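Data first, discussion second: the structure below is written as structure tokens.
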Amino acid sequence: MWAMIEKLRVSSVPMMAKGGDTRWRMGAWQIPRGTASHRWTVESSEVVRMVNAMSPVRVRFAPSPTGMLHVGGARTALFNWLFARHHQGTFILRVEDTDDQRNTPEANEAIFSGLTWLGLDWDEGPNRGGPRGPYRQSERTAIYEGYLAKLQAADLAYTDADGSVRFRCPNTTRAIPDLICGETVFAGRTEPDMTVRRANGSFIFHFVNVVDDIEMGVTHVIRGEDHLPNTPRHLDLYEAFGVTPPHFAHIPLILNANGSKMSKRDEGASVAEYQSAGYHPEAVLNYLALLGWSPKEDRELFCREDLIARFTLGGITRGNAMFNLDKCGWLSGQYFHVMEPAPFRDMLLPYLTAAGLQTTADALPDSLLLELRTKVRMLSEAVPLLAALVQDDFPVDAAAVAKLRSQSDPKPLLDALATAFAGVGTWQAADLDAAIGRAAEGLGIKKGALMFPCRIALTGQSGGFGLTTILEQLGRERALDRLTRFS
RNA sequence: GACCCGUUCGUCUAGCGGUUAGGACACCGCCCUUUCACGGCAGUAACACGGGUUCGAUUCCCGUACGGGUCGCCA
């Protein structure tokens, strides 16, 4: 057993500073750059359990309530969550709401609902509690004051002319042993001492971030690469507090289709957009996982258990990635295509209602859903498809109607169909199909030539469900009514 | 501007010195088909550039170019 663990230590980054030395020193972790040896290679769950028992993984997602859950943030949350679940560790949600202007109930809710929609549950955090709380920075002022007192006691902090508190930042050269980027060295600089507390009493991000990570026992900081250049200053703080810093893993950013950093206002930037467009949440999770991380297998579909089992920091890509809506949509379709009718109905019904369609579970039989599931990539696509089937008021495609009229007068065709349908034995696919055949034969035209006008008359659309499905779904009365009323 | 990170098909990626450079989305064609889809099959398409190291570089090193990030009393 120990041999396995030793081997693990060699093949991955040391889990902790050795020999109980809590003082982290620069260069203590020699990570050969540009080699794969620094990558996290833990795979066996047995080994994971052993290591975890020695040094339980604690990670956190620390969003700021900006009013939405950004996809970049969601992916950071996902990577942290996967890492925690893979190592049977703890996933903490901490709300960084030190900026009062942003700290609204709605903004907080946007984070919670986004994470919940994706199924990213937190072990400790708001609405959940935990031993290291509170988990909102706005409620941790006393803790920050305590840490600030430590700094002041050591003469490492002072109040400047503007009334702000500054940290005597050593600004020394720092080598960050990053689990993804390798050892990254930042030369010492001569910058003004960093502010840790504003004149109005509120604390600055860098300070509270470090204090909270210490207080919450965070072992691995997995965050966006945009934080990498800030890390040396964070290290200064850890050193000042005499605490061994956590492991760092900076993940590449998500870019827009035009190559720029995806920001708040960009299309598809908010998780809520995927929710309202009716993407399958498991698919979005799946897609996000594959954006900047790879299980190195020639397949694309991974359920969350698959992801948990496979997730390692070593699989994280080095370069930034552009978000591709097409692929996300395709993946979503893949999930719907194989969905069982019952859960599909459960997901669909509230969505249709919210979209303004008057319908019930009874109006969505299994047979219909089995056909529908292959036609949608997201639930919003089901709305126009279903509109004509579940209600009498439905949109009509003017172009399709125009095309129909340009070909021939549809009236005699529809009358012939209505007659054939009226004499049908049962209002079921086989009989209905036969009736269409008879009508076509009687008119001396092909079946297909009859089905297009029929489709237009019944649904107003040139595409959609199979014609017999439409007929069955509408029922004899409504179908015949629409055929005879079409003009 | 300074500092950091990065660079394989349009996009997401596999590749860790010797491969016909693989997969996926998208695209194109064919098949299936009453429509729209689904599905199946096939195809177009990539190692940024220049130097090294090496018998041999997509893989290792150094430059250049390009992209991104950070340099806030925003997080």
Side-chain angles (χ1 to χ4, degrees), chain A residues 34-37 39 62-66 73 95-99 101-102 137 160 162-166 176 178 180-182 184-187 189 191-192 194-200 202-209 223-233 250 252-253 255 257 259-261 287 290-301 315 317-331 333-334 336-338 371-377 381 384-385 400 433 436 440 446-456 459 461-468 470:
Chain A
T35 72
S37 63
R39 296 303 181 87
S64 164
T66 58
V95 179
E96 307 221 329
D97 54 356
T98 55
D99 183 344
Q101 291 187 322
R102 293 181 177 181
Q137 291 186 329
D160 69 11
D162 298 323
S164 305
V165 181
R166 289 176 181 265
I176 300 161
D178 195 273
I180 293 168
C181 301
T184 304
V185 179
F186 287 86
R189 315 187 65 173
E191 283 171 7
M194 64 187 281
T195 305
V196 294
R197 187 176 207 178
R198 301 182 186 89
N200 69 9
S202 63
F203 289 92
I204 301 299
F205 160 74
H206 302 287
F207 180 78
V208 296
N209 189 266
R223 69 200 343 179
E225 200 179 45
D226 48 340
H227 288 293
L228 187 56
N230 291 150
T231 309
R233 301 296 74 81
H250 288 94
L253 273 20
L255 269 27
S260 65
K261 179 182 177 182
Y287 178 75
L290 259 24
L291 194 61
W293 173 77
S294 170
K296 307 182 195 299
E297 288 176 48
D298 280 348
R299 66 183 176 113
E300 314 294 319
L301 270 70
T317 309
R318 308 284 242 96
N320 294 341
M322 291 190 194
F323 196 97
N324 184 228
L325 266 181
D326 275 330
K327 186 159 183 177
C328 187
W330 171 80
L331 212 41
Q334 294 301 304
F336 283 125
H337 294 347
V338 297
E371 190 175 335
L372 177 65
R373 71 180 186 179
T374 65
K375 295 180 183 296
V376 297
R377 289 151 58 100
E381 295 172 346
L385 241 25
D433 192 54
I436 297 170
K446 288 184 177 179
K447 255 172 86 177
L450 203 45
M451 293 171 101
F452 180 65
C454 183
R455 171 181 294 285
I456 300 295
T459 69
Q461 307 295 318
S462 59
F465 289 94
L467 188 50
T468 53
I470 293 169

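Heavy-atom basis, side chains included; hydrogens, waters and symmetry copies ignored. Chain A is the first sequence line, chain B the second, and so forth, proteins listed ahead of strands; every chain is numbered from 1. Since the model is a prediction, treat every value here as computed from it, not as a measurement.
- The side chain of Arg299(A) contributes no N or O atom lying less than 4.0 Å from OP1 or OP2 of C25(B).
- A close approach under 4.0 Å does not occur between any side-chain nitrogen or oxygen of Arg223(A) and OP1 or OP2 of A75(B).
- Of the nucleotides present, A65(B) is the one that pairs with U7(B) by Watson-Crick or G-U wobble criteria, both distances under 3.5 Å.
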Set out, line by line, the N/O atom pairs under 3.5 Å between protein and nucleotides 11-15 of chain B.
{"from": "C12(B)", "atom 1": "OP1", "to": "Met322(A)", "atom 2": "N", "distance (Å)": "2.9"}
{"from": "C12(B)", "atom 1": "O2'", "to": "Leu290(A)", "atom 2": "O", "distance (Å)": "3.1"}
{"from": "U13(B)", "atom 1": "OP1", "to": "Gly292(A)", "atom 2": "N", "distance (Å)": "2.7"}

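- Taking atom CD of Glu191(A) as the reference point, atom P of C73(B) lies 10 Å away to the nearest angstrom.
- The listed nucleotides are C4(B), U34(B), A75(B); the one nearest the side chain of Gln137(A) is A75(B).
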Restricting to nitrogen or oxygen on both sides, can you table the protein-nucleotides 38-40 of chain B pairs closer than 3.5 Å?
{"from": "G39(B)", "atom 1": "OP1", "to": "Gln334(A)", "atom 2": "NE2", "distance (Å)": "3.3"}

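- Comparing the same atom, P, in G52(B) and in C12(B) gives a spacing of 32 Å after rounding to whole Å.
- Residue contacts shown for His206(A) include a base, since a base heavy atom lies under 4.0 Å away.
- In summary, the side chains of His250(A) and Thr231(A) do present a donor paired with an acceptor at a separation below 3.5 Å, with no hydrogens or angles considered.
- A donor-acceptor contact closer than 3.5 angstrom is absent between the side chains of Asp162(A) and Ser164(A).
- Among the heavy atoms of the strands, none lies under 4.0 Å from Asn209(A).
- Candidate nucleotides U34(B), C73(B), A75(B) were compared by shortest atom distance to the side chain of Asn230(A), and A75(B) ranks first.
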